[in-house]
Amino acid sequence: MENIIEVKNISYQYPSSTSKALDNLSFSVTKGEWVAIIGHNGSGKSTLAKLLNYLLVADAGEILIDGQLVNEANMWTVRNKVGMVFQNPENQFVGATVADDVAFGLENRGIERERMLALVPAALKEVQMDVFADREPTHLSGGQKQRVALAGIIAVAPKIIILDEATAMLDPKGRKEVIAAIRKLKDRLGKELTVISITHDIDEAADADRILVINDGQLVEEGTPATIFSSGQRLLALGLDVPYAEQLKLALKNLDVDVPEEYLDEERLVQWLWQLNLKM
């Protein structure tokens, strides 16, 4: 399998800090993967996101994006391949209208106007925001604003989309809207799009192909959602949440109920509880 991201022994320390934000961190991401990166506040997740897009420069180690070294010489090439959606969408808005904002990235890349006129509405339609094209972004809901920010990334067609806590400030409805839009895009593009989701939202992480757990700047665990969430006690010890189904399993275990060792999502847990009830 072809790696589109390779992080090799990366370390980074903020000038005002006495400890490293990232400490000798290494991992790779396969082309077309959806990888979730989770960890407690201050674990180094957002620092990693900024290093991947050369918004910060690593103190040691190297990062390769699509085979190219992330450095000053390749900065703009790398940023064309990596689109970022940040926690607060308002920090990304520059246009007077939704359509203007989506067009901004295309204008910066010198895309011809005729092509822009086709790309902007197509990107907005992808996230179901085309009917809001002439609205002012400030009048939108949080979920709508984040979908517009995502449309701006979709329009420039990067190979990688990084969601840096992109759903953290949204209500449950807004979170579902954004994740649904990304899932729809991922399903359509398949291997042509790689998604890195940096998140506290366990449901968002559960949508990934693979999860990386970072603690104090180091990679401490990686695996499928089922593998990671089956270690509920360990995640709680790292200051992380676990899915509701896993919380219920732990509560039942504490009541001396013999529960399955493997991870069960809510649907499978309901089925197991139903079977348990029939045996009683």
Side-chain angles (χ1 to χ4, degrees), residues 5-29 33-63 65 70 82-92 142 146 149 160-172 174-175 178-179 182 195-208 210-223 225 227-244 246-247 250:
I5 298 174
E6 294 181 68
V7 174
K8 302 178 180 180
N9 307 114
I10 284 294
S11 293
Y12 182 82
Q13 183 170 332
Y14 289 97
S16 58
S17 177
T18 57
S19 59
K20 293 180 180 180
L22 295 173
D23 186 7
N24 200 36
L25 179 69
S26 297
F27 67 90
S28 60
V29 176
E33 255 193 311
W34 183 324
V35 174
I37 300 176
I38 63 175
H40 62 77
N41 284 333
S43 62
K45 306 186 305 297
S46 290
T47 300
L48 173 60
K50 292 177 176 66
L51 288 168
L52 290 173
N53 209 25
Y54 204 69
L55 296 175
L56 292 175
V57 182
D59 297 328
E62 63 180 24
I63 300 172
I65 300 291
V70 177
V82 182
M84 291 190 68
V85 183
F86 296 98
Q87 184 178 80
N88 188 346
E90 292 186 2
N91 292 340
Q92 292 181 253
Q146 201 60 292
I160 302 165
I161 291 180
I162 298 177
L163 309 170
D164 186 8
E165 301 282 8
T167 64
M169 297 179 67
L170 305 180
D171 60 22
R175 280 194 210 102
V178 171
I179 296 304
I182 297 163
V195 177
I196 305 295
S197 173
I198 292 170
T199 183
H200 280 100
D201 188 335
I202 293 301
D203 292 328
E204 183 178 331
D207 234 355
R210 186 161 54 103
I211 295 176
L212 307 181
V213 183
I214 294 180
N215 185 55
D216 297 334
Q218 296 183 322
L219 180 64
V220 294
E221 250 182 279
E222 66 176 304
T227 300
I228 296 299
F229 293 149
S230 65
S231 307
Q233 298 278 21
R234 178 163 169 75
L235 291 180
L236 292 170
L238 291 172
L240 297 170
D241 201 0
V242 295
Y244 174 75
E246 194 64 25
Q247 292 179 40
L250 288 171

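What's counted below: heavy atoms across the whole structure, side chains too, no hydrogens, waters or symmetry copies.
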For [Y], is there any backbone N or O sitting under 3.5 Å from a side-chain donor or acceptor partner on [X]?
| X | Y | result |
| --- | --- | --- |
| E246 | L250 | no |
| S11 | N24 | yes |
| S43 | H40 | yes |
| Q146 | M169 | no |

With rounding to the nearest 0.5 angstrom, report the [atom1] to [atom2] distance, [X] to [Y].
| X | Y | atom1 | atom2 | result |
| --- | --- | --- | --- | --- |
| S197 | I37 | OG | CD1 | 8.5 Å |
| E221 | L235 | CD | CG | 6.0 Å |
| I161 | I182 | CD1 | CD1 | 7.0 Å |
| T47 | K20 | OG1 | NZ | 14.0 Å |
| L212 | L48 | CG | CG | 8.5 Å |
| I214 | F27 | CD1 | CZ | 6.5 Å |

Please examine the side chains of [Y] and [X], heavy atoms only from C-beta on, and report whether any two atoms are closer than 4.5 Å.
| X | Y | answer |
| --- | --- | --- |
| V7 | L52 | yes |
| T199 | L163 | no |
| T227 | E222 | no |
| V85 | V178 | no |
| L56 | Y14 | yes |
| V213 | L240 | yes |

Original post:
Mind checking what makes salt bridge (charged side-chain N to carboxylate O under 4.0 Å, His left out) contact with K8, not counting sequence neighbours?
Top reply: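 Expected list: E6, E62.
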Original post:
Can you name the residues that form a salt bridge (charged side-chain N to carboxylate O under 4.0 Å, His left out) with R175, not counting sequence neighbours?
Top reply: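 By the salt bridge (charged side-chain N to carboxylate O under 4.0 Å, His left out) rule, R175 matches D201.
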**OP:** May I have the step-by-step check of side chain to side chain contact (heavy atoms under 4.5 Å, CB included) for I196 and I5, ending in yes or no?
**Re:** CA-CA 10 Å; I196 305 295; I5 298 174; 4.0 Å; yes
Subject >> No-hydrogen, no-angle side-chain donor-acceptor test under 3.5 Å, E204 and T167 >> reply: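 E204 vs T167: donor-acceptor pair found between side chains.
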Original post:
Can you find a side-chain donor-acceptor pair between D164 and S46 that sits under 3.5 Å?
Top reply: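 The criterion, which ignores hydrogens and geometry beyond distance, is satisfied for S46 and D164.
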[X] and [Y]: which non-hydrogen atoms are nearest, and at how many Å?
| X | Y | value |
| --- | --- | --- |
| Q87 | A168 | NE2-CB, 3.5 Å |
| P225 | I211 | CA-CD1, 3.7 Å |
| A58 | Y12 | CA-CD1, 4.2 Å |

